[in-house]
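The chains referred to below are lettered A, B, ... by the order of the sequence lines, with proteins before strands, and numbering in each begins at 1. These numbers come from the heavy atoms of this one structure, side chains and all, not from hydrogens, waters or symmetry mates.
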Number of protein chains: 4
Amino acid sequence: MLEQLKEEVFQANLELPKHGLVKFTWGNVSAIDRESGLFVIKPSGVSYDVMKASDMVVVDLDGNVVEGEMRPSSDTATHAVLYKHYSEIGGIVHTHSTWATIWAQAGLDVPVMGTTHADTFYGAVPCARFLNQDEVDRGYEAETGRVIIETFEQRGIDVMAVPAVLLHGHAPFTWGKDAKSAVVNSVVLEEVCKMNLYARQLNNFAKELPQGILDKHYLRKHGKDAYYGQK
Amino acid sequence: MLEQLKEEVFQANLELPKHGLVKFTWGNVSAIDRESGLFVIKPSGVSYDVMKASDMVVVDLDGNVVEGEMRPSSDTATHAVLYKHYSEIGGIVHTHSTWATIWAQAGLDVPVMGTTHADTFYGAVPCARFLNQDEVDRGYEAETGRVIIETFEQRGIDVMAVPAVLLHGHAPFTWGKDAKSAVVNSVVLEEVCKMNLYARQLNNFAKELPQGILDKHYLRKHGKDAYYGQK
Amino acid sequence: MLEQLKEEVFQANLELPKHGLVKFTWGNVSAIDRESGLFVIKPSGVSYDVMKASDMVVVDLDGNVVEGEMRPSSDTATHAVLYKHYSEIGGIVHTHSTWATIWAQAGLDVPVMGTTHADTFYGAVPCARFLNQDEVDRGYEAETGRVIIETFEQRGIDVMAVPAVLLHGHAPFTWGKDAKSAVVNSVVLEEVCKMNLYARQLNNFAKELPQGILDKHYLRKHGKDAYYGQK
Amino acid sequence: MLEQLKEEVFQANLELPKHGLVKFTWGNVSAIDRESGLFVIKPSGVSYDVMKASDMVVVDLDGNVVEGEMRPSSDTATHAVLYKHYSEIGGIVHTHSTWATIWAQAGLDVPVMGTTHADTFYGAVPCARFLNQDEVDRGYEAETGRVIIETFEQRGIDVMAVPAVLLHGHAPFTWGKDAKSAVVNSVVLEEVCKMNLYARQLNNFAKELPQGILDKHYLRKHGKDAYYGQK
């Protein structure tokens, strides 16, 4: 069942330690098959060293396990809520990568301070609010997904133009058209968070990138007039 | 004698350089066999490259060598005091890992600023006071253990819920139910110390994690209602 | 066509990930054959893992592809403008290396704070201004090259004595007599940017290097009286 | 001639890139044979990849090459001056290692803020003054050695108890009883410089290590009553 997607999700999970984004079993990647409405996700707490493609768990959009011997990631409900609400999302990544988590703990949006950011994210990466006690009690993981949606809707941010969020006091989620691009977005977010922290320390008055340069860099890589990369 | 425990302690010691927690021969791991009341510890100043499982030293709870050709770690008395006082502790790690040592040198408790911390430590990691001259003269290593105990007792901290301490001007000790989990706690402490330092630098007014989210994250991984990982 | 130069440019491109200066396909190296007036550059968005020497693209000084199956780097026009204006330049590197990009995002020149800087750069590395909207619209990449030239001319900096520039909000360009030396200059710039940021943080009043020591270090490695290295 | 010493110096030089203390050909290690009054040093500007033990250069205490096809390190005169003045020194290392160079650029002594420092250096590591123009003109490298001596003599520091110095605006020198221990001291200095910078950033009022703990840690590793390591 969904063997190719399992392989893709498995490979994408292995990219996390390779890029230094996770320690131990922290972090999880999933990807969805829109035709069947099922998604594939890493099992909970399994070491990357021993994990196999066949350990990936198949889950429906209500978070019920459809196939697999193992428990899915404890964050499965967050993935499910995002896939259900945003039909454009094909893959999701959650990590506690160092620099993005630092911004999440600081409770700050990541401003656009350079073209490294603009090449991937078309605007500031928002930091979502803390969950309140009611939300924690009601279902922490699903409510985490709802707070992400609230953040993008209240601020009017296009979820595919800024495919990342920070959760205050927690860590980042990123997404993309598939698992692989969601991982790339995690790597870029991590690097941008490192650069922006130091740039701000070096110059408290450092300017954000002018809108025209942000447009130029984002649009030369994305959309119909993109000219970066091969045809 | 205690051959399996020696192998476990040996392997746990090798994890320290693998996780970047030690340079040269810095750092030591021990684990106890509660039945015999003996513990196994790394020999002093032996390079990780040439060390063998059979080099591990067997010591009693007064710090006397029971078996082994080599001198045990110079910090053996600290381990002994902790094992004697806390029957729950199965393994202990001491390192001078960079970021935890930075907090120790700063003389500050590590506050709970994120869920990475809350997943492992159920509250702030305390920084114990400097030893006074009397304590240094009386027996530096044993008194170090007593100052750790004093810190947890005076503050009413559960030693297994917060399995780590910083020693002012020195470095961290961590522990756990066995050597392996004590090493994991050292890795997490190191990462949390890095994240929290920068989060505080990025936003001097960064909030600590709300109690309800701390509870949620700690309790979904620890205790009878935990649902993280496999059954 | 220019097979040896392609091999050199290919090898120089591989040096970028090896020195930790790039992630994914970020960054590009080129080198020019002054006799034919053609230069060789990395193809756009091709992974370093699969790239071959034969994938290198041959381009003329107006940025037209002369040979090659692939699109050249999206930054090709910047390279072309620099080669055209400065006949001394033999190789050019563009990266988003972390520490140099941090200074670029801060919008600051990199002052000479130590001999590590002075061994390679004979003065502060300038930070060029943001491009204005007209320039972005007219041709972002070519105008980037023109702003670099403007920076060196307005300030009267010898382009071979200070073979590096930061672009405000973007990242560094470095150059040299060939591709290899341009890469070396990128590595040095990255290290100097890291050192200088922290030195300034450690001591806000840290002094710049006295001119006499700057002269000594630069001139013992460069020019006719150099005595560093082998004859 | 001095084949064993050449091998030792060669191996010690290879430790520098292994410990991340140098880039390219930066850095050099030497060691002296006190009987013949000759020392062996790395050749200037030779890559660590291709360097052989037989490339090491034999030099006398006036800095004259006694044996070897290659030019010795451009810093040879600094080594010679130190060996001549301090008969206890057996090996010397010079690097531009990142964190020690940051303190050198900041122009600050490295205070004793923790036991990691106290285990190796029995007091603050001094930062020597800038050379003045006369000294630069007279002979930069030899005068560098003289400024190091001046620093230790004016402050009454025992050169073997604090086997390291920072040169303002330049970088560190360390030494020891032989090449290997001089390299160890470089590694420790680098780590201590990193820790102390951040400890000071984290807590501007962080206290220096009490003298009694400094004594304890230094003396349990050095001198006749040391009990660290194996007999």
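Looking at H117(A), there are no atoms closer than 4.5 Å to chain C (heavy atoms on both sides), in backbone or side chain. Residue W103(C) touches chain A through both its backbone and its side chain, counting heavy-atom pairs closer than 4.5 Å. With a threshold of 4.5 angstrom between heavy atoms, P43(C) approaches chain A through its backbone and through its side chain. For N204(A), no part sits under 4.5 Å from any heavy atom of chain C, backbone or side chain. Neither the backbone nor the side chain of E135(C) comes within contact range of chain A, judged by heavy atoms closer than 4.5 Å. Contacts of V112(A) with chain C are absent, with no heavy-atom separation under 4.5 Å from either backbone or side chain. Of the two parts of Q211(A), neither the backbone nor the side chain holds a non-hydrogen atom closer than 4.5 Å to a non-hydrogen atom of chain C. Contacts of S73(C) with chain A are absent, with no heavy-atom separation under 4.5 Å from either backbone or side chain.
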Show your working on side-chain hydrogen bond (donor to acceptor under 3.5 Å, both in side chains) between N185(C) and T174(C) and close with a plain yes or no. CA-CA 6 Å; N185(C) 292 340; T174(C) 67; 5.7 Å; no
Would you sort out whether D119(A) and H96(C) count as a side-chain hydrogen bond (donor to acceptor under 3.5 Å, both in side chains), showing the intermediate values? CA-CA 11 Å; D119(A) 283 337; H96(C) 287 207; 4.5 Å; no
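Counting heavy-atom pairs closer than 4.5 Å to chain A, the top residue among M70(C), R200(C), Q133(C) is M70(C). Taking S74(C), A171(C), S44(C), G45(C) one by one and counting their heavy-atom pairs under 4.5 Å with chain A, the maximum is reached by S44(C). Here L197(C) is the residue among L197(C), V46(C), V136(C) with the most heavy-atom pairs under 4.5 Å with chain A.
The pair E143(C)-K216(A) does not count as a salt bridge, with every side-chain nitrogen at least 4.0 angstrom from each carboxylate oxygen. Contact check on E3(A) versus K6(A) returns a salt bridge, with a Lys/Arg side-chain nitrogen under 4.0 Å from an Asp/Glu carboxylate oxygen. Salt-bridge annotation for E15(A) and K180(A): absent, with no side-chain N of the basic residue lying under 4.0 Å from a carboxylate O of the acidic one. Using a cut-off of 4.0 Å between Lys/Arg side-chain N and Asp/Glu carboxylate O, K194(C) and E191(C) are scored as not salt-bridged.
Centroid-to-centroid, the aromatic rings of F152(C) and W175(C) come within less than 6.0 Å.
Because its NZ or CZ atom is both nearer than 6.0 Å to the ring centre of Y48(A) and within 45° of the ring axis, K42(A) counts as a cation-pi partner of that residue.
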